[in-house]
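Side-chain atoms are counted along with the backbone in the values below, which use heavy atoms only and exclude waters and symmetry mates. Counting starts at 1 for both ligands and their atoms, in listed order.
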Amino acid sequence: MRMVDLIAKKRDGHELTTEEIQFFIKGYTEDEIPDYQVSALAMAIYFQNMTERERADLTMAMAHSGDMIDLSAIDGVKVDKHSTGGVGDTTTLVLAPLVAALDVPVAKMSGRGLGHTGGTIDKLESIPGFHVEIKTEEFIGLVNEHKLAVIGQSGNLTPADRKLYALRDVTATVNSIPLIASSIMSKKIAAGADAIVLDVKTGAGAFMKTIEESKELAQAMVNIGNQVGRRTMAVISDMSQPLGRAIGNALEVQEAIDTLRGEGPEDLTELCLILGSQMVLLANKASSLEEAKQLLQEAITSGRALDKFKQFIINQGGDASVVDDKERLPQAQFIVEVPAKTAGYVTEIVADELGTAAMWLGAGRATKDSEIDLAVGLMLDKKVGDRVEEGETLVTIHTNKIDIDHVIEKIYDNISIGEHAEVPVLIYDVITN
Ligand code: URA
Ligand code: CA
């Protein structure tokens with residue numbers, strides 16, 4: 001088999017066979033096929049697309065390019081949740097203990113990564129003592145006994161995707177539905193998921209800026225999952241404004257605790273109930289979505305979800321007293337309130353720009369080696385649709401830096417106040433097959 005023939009075949013709009021896809025992924029992972037040929041193929045795929053069969057083959061070839069995590073020692077259906085990324089997305093911190101409280105096993109492997117705030121692991125590490133450096137056996141034991149554990153990413157997961165994603169980044173081929181869908185799904189499958197709930201974000205703070213593109217990506221991933229025997233469903237949710245009120249690591253842990261107590265922001269709570277219901281259903285712990293949602297609400301009101309979070313913290317070496325005493329979480333030195341300049345209704349809060357403002361405070365990593373300040377970030381006192389009076393606080397800044405004029409300016413530039421109240425949409429669609 002010759003790579004040049006595969007490139008020509010795809011360039012001319014033909015379908016690659018399973019063997020051809022396996023050939024190029026194996027050859028690329030083993031450094032036998034050079035970047036320039038894979039670049040050309042990626043560009044051909046960008047223009048010619050891939051059939052459902054090709055997408056499933058690409059996903060599985062990439063999943064098998066490195067370690068495949070074996071979670072078969074864990075009882076029950078392992079349902080993984082994946083978000084395509086947003087700003088202040090606290091859902092994982094809430095969902096993990098929430099569904100675990102209903103005996104849905106949550107075996108989460110997480111990374112740090114770049115972004116406006118840290119990843120799930122960074123957020124959890126704002127709890128004093130909490131650590132994710134645990135052995136695989138301990139991880140599996142914890143999930144079997146307590147239904148919940150988080151472990152840091154280790155080993156060699158989907159090296160083909162790592163190489164291909166980096167190459168796409170510099171060859172203008174990131175934005176291709178078959179390539180994005182197979183990239184995301186390969187990682188979930190390699191991480192051992194039996195079933196997958198996808199939260200595909202749409203809007204300014206998301207990877208996909210329009211609802212049409214987001215639906216297409218969601219449908220592509222659901223099709224792949226269902227073709228390769230992993231039941232998959234997707235929710236398309238809003239990321240035009242940040243989710244919840246907190247953007248920052250310790251601030252989001254606090255927000256998750258509030259939400260598990262039933263006192264969280266409305267949008268975050270609702271999205272967690274919707275995603276959680278799908279997870280409970282896929283794990284066969286309820287017979288309908290309505291029943292699943294009711295069980296989740298009971299787990300919150302009875303305190304079981306919060307107890308699960310406490311136990312989880314203790315299991316991984318953390319100080320569970322943070323749950324009842326928020327002062328024990330890292331605190332910023334300075335609190336600065338940003339007042340509204342005019343009265344009216346908040347009509348827009350541009351998610352990615354607010355995320356950047358939080359990153360400037362030190363809440364996220366701009367480069368792989370940046371240090372995160374776990375204490376800092378933003379609290380949105382007002383959200384889209386809220387009434388605000390002149391001088392009333394729009395945003396509260398938690399900072400350890402004094403020179404933050406540029407942050408304040410960015411906040412003002414990206415929050416609009418108008419005359420008419422707009423009702424924000426949270427969920428645009430749910431794709432189940
Ligand atoms: N996220 C991924 O993991 N892969 C892509 O290709 C795009 C976004
Ligand atoms: Ca949030």
Side-chain angles (χ1 to χ4, degrees), residues 21 24-25 28-29 35 38-39 41-47 49-50 54-69 80-87 89 91-92 108-121 153 156-193 196-210 212-225 228 230 232 234-237 239 351-352 355 364-365 368:
I21 288 170
F24 109 76
I25 288 299
Y28 190 45
T29 311
D35 280 347
V38 177
S39 306
L41 182 62
M43 190 58 86
I45 292 170
Y46 182 94
F47 283 112
N49 211 333
M50 283 182 128
E54 287 178 296
R55 295 172 182 197
D57 284 341
L58 178 58
T59 302
M60 293 314 275
M62 290 201 293
H64 284 281
S65 67
D67 299 341
M68 291 282 283
I69 307 295
D80 203 355
K81 191 241 14 166
H82 179 80
S83 154
T84 59
V87 178
D89 184 4
T91 51
T92 300
K108 190 103 195 134
M109 181 176 273
S110 265
R112 294 176 200 275
L114 300 177
H116 304 115
T117 61
T120 298
I121 289 185
Q153 219 156 69
N156 183 30
L157 229 59
T158 57
D161 173 65
R162 221 176 316 124
K163 270 189 96 175
L164 184 58
Y165 198 4
L167 185 71
R168 286 164 53 211
D169 204 24
V170 293
T171 55
T173 50
V174 167
N175 227 334
S176 152
I177 298 271
L179 294 178
I180 300 170
S182 54
S183 165
I184 293 173
M185 292 300 284
S186 68
K187 284 177 279 216
K188 294 287 113 183
I189 290 164
I196 300 156
V197 172
L198 299 162
D199 180 13
V200 178
K201 308 285 193 187
T202 193
F207 201 70
M208 293 282 153
K209 309 287 180 203
T210 71
E212 289 66 36
E213 281 177 318
S214 304
K215 276 191 193 176
E216 202 185 330
L217 176 62
Q219 188 68 62
M221 292 191 286
V222 168
N223 290 350
I224 289 171
V228 302
R230 267 63 164 199
T232 302
V235 170
I236 318 269
S237 73
M239 194 37 83
D352 50 347
R365 290 186 185 85
K368 192 157 70 23

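Listed by number with element, the atoms of ligand 1 under 4.0 angstrom from any heavy atom of S183 are 2 (C), 3 (O), 4 (N), 5 (C), 6 (O). Numbered from 1 in the order shown, with element, the atoms of ligand 1 that lie under 4.0 Å from a heavy atom of I184 read 1 (N), 2 (C), 3 (O). Atom numbering of ligand 1 starts at 1 in the shown order; those under 4.0 Å from a heavy atom of K187 are 2 (C), 3 (O), 4 (N).
How far CE of M62 is from OG1 of T29: 9.5 Å, rounded to the nearest 0.5 Å. Remark: H64 NE2 to S186 OG distance equals 10.5 Å, nearest 0.5 Å. Atom-to-atom distance recorded for D80:CG and K187:NZ is 12.5 Å, nearest 0.5 angstrom. Considering CG of D89 and OG of S83, their distance stands at 4.5 Å, rounded to 0.5 Å.
Distances from atom 6 (O) of ligand 1 to the heavy atoms of K188, R168, R162 show the closest one on R168.
Between V174 and ligand 1 there is no heavy-atom distance shorter than 4.0 Å.
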Steps toward side-chain hydrogen bond (donor to acceptor under 3.5 Å, both in side chains) verdict (K108, T92): CA-CA 10 Å; K108 190 103 195 134; T92 300; 5.0 Å; no
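For atom 8 (C) of ligand 1, the closest non-hydrogen atom of the protein is Y165 OH, 3.1 Å.
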